[in-house]
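The structure appears below as structure tokens.
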Amino acid sequence: EREVYNHIAPIVEARLAKLLSLKPTMAVIPASGDDRDIKTATVSKKIVNSVYNKLCVSGVISEANNWSEVCGTSFYKVAWNSSKGNVLVSDEKGKVATGDIEVSVCPPFEIYPESSSCNDICDCKSIIHARAYHVDDIKSIWGVDVKGEDINVFSLDNVQSIGGYGYFGNVGKVVSGVRNNYAIVIEKYESPTVEFPNGRLIIIAGDKLVHLSELPYLNGNDGERCFPFIRQTCVEHPGCFWGSSIIERLIPVQRSYNTLKNRKHEFMNRLSMGVLTVEDGSVDVENLEDDGLSPGKVLIYRQGSTPPKFMNFDRVPVDFTAEENILLNEFSYISGVSDLLRNSVSNYSQLSGVALQVLVEQDDTRISVTAEKVREAIKTMAKHVLRLYRQ
């Protein structure tokens, strides 16, 4: 047998449910007891709360958590969309424009840092956001016509370049991950340099340059140019831009469990169906292979030969069950998700309240590292929102 079992999915779902129960929100507290700071904090809190509710940031956070748990890293993009909303803004020169904040999630497949050895986005000298857009959207946003292609959105590869084959090698079949009549839009953000003191934003749609300007986003602390991205990781890797996922650690355990479970089922099939021994030439082997020994079957065998009989097997070895329990415990140990979080509390009816509380605290401790990454990302998002409105 080659059946596939999945203990990873419920673990990821349990971790996502735990992260969702944290309900991170944006808040602003005054830097001091001064009346001006208190007033500023009050207004800022109303702004971020308005953005949180208007843009349904809780759903955006949930989407980012899904990407970070599965891939190890996800990104928020907090930018100003001049064609969205009806917020009226004006600069110091009296120039009036409209627009509003836009918060979106960027999968890790779309982000290309300058180097994978950067610890965070602020350490990158440049960063690329590559995304597949429909040619009609490109025409609507930038006013240019580009040639559409069949794009694999998970790898941003041209499907035509590999002979028109989709994921499963079926010519002409529309499969998951392939979008038709799309083109790649590359947004390259460059931090300030000697040659370009305000940085650069370069946007290329298909094979056409559609935008070239200074980096439009200012840092709220010192007025320097910055990137509109926020990184969120599941498990941090020191000295690496990309985080790792719990799934990576669980895959070897899952493979061992699948192998063990299949062998155990094969052994049980032998016990239930049996293995028939037949003397050569005593019966019609082809008929026996096709029909087996069904109830009421008349089996004719050659006179004087030994009748067919089943081989005797022992019971399923206890080593199978012992190893299966060890692997199940490894799932909980590696993932940090105990049976208490995945199963009903009724399974622990014999435990005292203190013991249950200790198990709950252990679960909270193991997932607290990831939860802190989520909180840091939301806090940075609030800073970006206030910075953009001020700018």
Side-chain angles (χ1 to χ4, degrees), residues 12-13 15-29 44-45 47-81 101-114 116 118-124 127-129 131 187 189 191 217-221 226-248 336 364-391:
V12 173
E13 292 170 356
R15 287 176 57 88
L16 289 174
K18 189 70 174 179
L19 292 175
L20 187 62
S21 65
L22 299 175
K23 298 185 183 302
T25 58
M26 300 179 182
V28 182
I29 60 175
S44 300
K45 184 177 181 180
I47 292 175
V48 295
N49 286 339
S50 174
V51 171
Y52 189 93
N53 296 323
K54 180 172 57 177
L55 301 182
C56 298
V57 176
S58 59
V60 177
I61 296 172
S62 178
E63 182 183 355
N65 290 342
N66 287 334
W67 280 111
S68 63
E69 287 294 315
V70 174
C71 301
T73 312
S74 62
F75 299 88
Y76 299 94
K77 185 178 183 181
V78 185
W80 185 268
N81 189 343
I101 298 288
E102 185 176 52
V103 180
S104 59
V105 176
C106 301
F109 307 105
E110 298 180 356
I111 300 298
Y112 296 85
E114 174 199 14
S116 295
C118 298
N119 287 328
D120 204 349
I121 291 178
C122 60
D123 297 329
C124 298
I127 190 169
I128 290 177
H129 180 202
R131 182 183 176 187
E187 303 175 6
Y189 298 82
S191 60
Y217 303 108
L218 299 177
N219 191 317
N221 296 327
C226 62
F227 302 141
F229 301 102
I230 304 168
R231 186 180 69 121
Q232 176 180 311
T233 58
C234 178
V235 179
E236 191 78 20
H237 268 183
C240 183
F241 185 81
W242 307 103
S244 63
S245 171
I246 295 296
I247 295 178
E248 298 178 23
D364 293 341
T365 301
R366 291 294 303 275
I367 206 171
S368 62
V369 177
T370 303
E372 187 61 27
K373 297 296 180 183
V374 177
R375 295 190 187 97
E376 288 292 331
I378 303 308
K379 184 171 68 174
T380 306
M381 183 190 301
K383 293 180 180 180
H384 281 230
V385 168
L386 294 175
R387 178 206 69 200
L388 280 175
Y389 274 124
R390 180 184 180 185
Q391 181 182 347

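Bear in mind that the values here come from a model prediction, so they are computed numbers and not experimental data.
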### Query
Does Arg375 pair with Glu372 as a salt bridge, N-O distance under 4.0 Å?
yes
### Query
Under the salt bridge (charged side-chain N to carboxylate O under 4.0 Å, His left out) criterion, do Glu376 and Lys373 qualify, and how do the steps go?
CA-CA 5 Å; Glu376 288 292 331; Lys373 297 296 180 183; over 6 Å; no
### Lys77: which of Glu110, Glu102, His129 passes side chain to side chain donor-acceptor pair (under 3.5 Å)
His129
### Query
To the nearest 0.5 Å, how far apart are SG in Cys124 and CG in Asn119?
9.5 Å
### Message
Do Val235 and Val369 have side chains that approach each other closer than 4.5 Å (heavy atoms only, starting at C-beta)?
### Response
no
### Query
Pro108 versus Cys71: any side-chain heavy-atom pair under 4.5 Å?
yes
#### Entry: Heavy-atom pair with the smallest gap, counting every atom of Val70 and Ile247
CA-CD1, 3.8 Å
### Query
Measuring from Asn66:CG to Glu13:CD, what's the distance to the nearest 0.5 Å?
10.0 Å
### Query
Testing Tyr217, Tyr189, Tyr76 for ring pair (Phe, Tyr, Trp, His ring centres under 6.0 Å) with Phe229, which one passes?
Tyr189
### Query
Any chance the rings of Trp67 and Phe109 have centres within less than 6.0 Å?
yes
### Query
Quick check: does any side chain N or O of Arg231 sit under 3.5 Å from a backbone N or O of Thr73, one acting as donor and the other as acceptor?
no
### Task
Could you check Asn65 against Leu20 for side chain to side chain contact (heavy atoms under 4.5 Å, CB included), going step by step and ending with a plain yes or no?
CA-CA 9 Å; Asn65 290 342; Leu20 187 62; 5.9 Å; no
### Task
Measure the spacing between CG of Leu55 and OG of Ser50 and express it to the nearest 0.5 Å.
8.0 Å
### Query
Which class fits the ring pair Phe75 and Phe241: parallel under 30°, tilted 30 to 60°, perpendicular over 60°?
parallel
## Note on the structure
Closest heavy-atom pair, Leu388 versus Ala79, reported as atoms and distance to 0.1 Å, is CD1-C, 3.7 Å
### Query
To the nearest 0.5 Å, how far apart are CD1 in Ile47 and CZ in Arg390?
11.5 Å
### Message
How close do Phe227 and His384 get, counting heavy atoms only, and between which atoms?
### Response
O-CE1, 3.5 Å
### Task
Determine whether Tyr52 and Val48 make a side-chain contact, defined as any pair of heavy atoms from C-beta on separated by less than 4.5 Å.
no
### Sub-4.5 Å side-chain heavy-atom contact between Pro228 and Val78
no
### Task
Start with the C-alpha gap between Ile127 and Ile111, add the side-chain angles, then the distance that decides, and say whether side chain to side chain contact (heavy atoms under 4.5 Å, CB included) holds.
CA-CA 7 Å; Ile127 190 169; Ile111 300 298; 3.7 Å; yes
### Query
Any side-chain heavy-atom pair from Thr370 and Leu19 closer than 4.5 angstrom?
yes
### Query
Within the distance-only criterion (no hydrogens, no angle test), does the side chain of Ser62 pair as donor or acceptor with the backbone N or O of Ser58 below 3.5 angstrom?
no
### Task
Hey, could you give me the CZ/CD1 distance between Arg387 and Ile101, rounded to the nearest 0.5 Å?
8.0 Å
### Sequence neighbours excluded, every pair satisfying salt bridge (Lys or Arg N to Asp or Glu O under 4.0 Å) that has a member inside residues 61-73
Arg15-Glu69
### Summary
Of all heavy-atom pairs linking Cys234 and Ser68, the shortest is CB-O, 3.3 Å
## Note on the structure
Interatomic distance, CE@Met26 vs CD1@Ile378, rounded to 0.5 Å, equals 6.0 Å
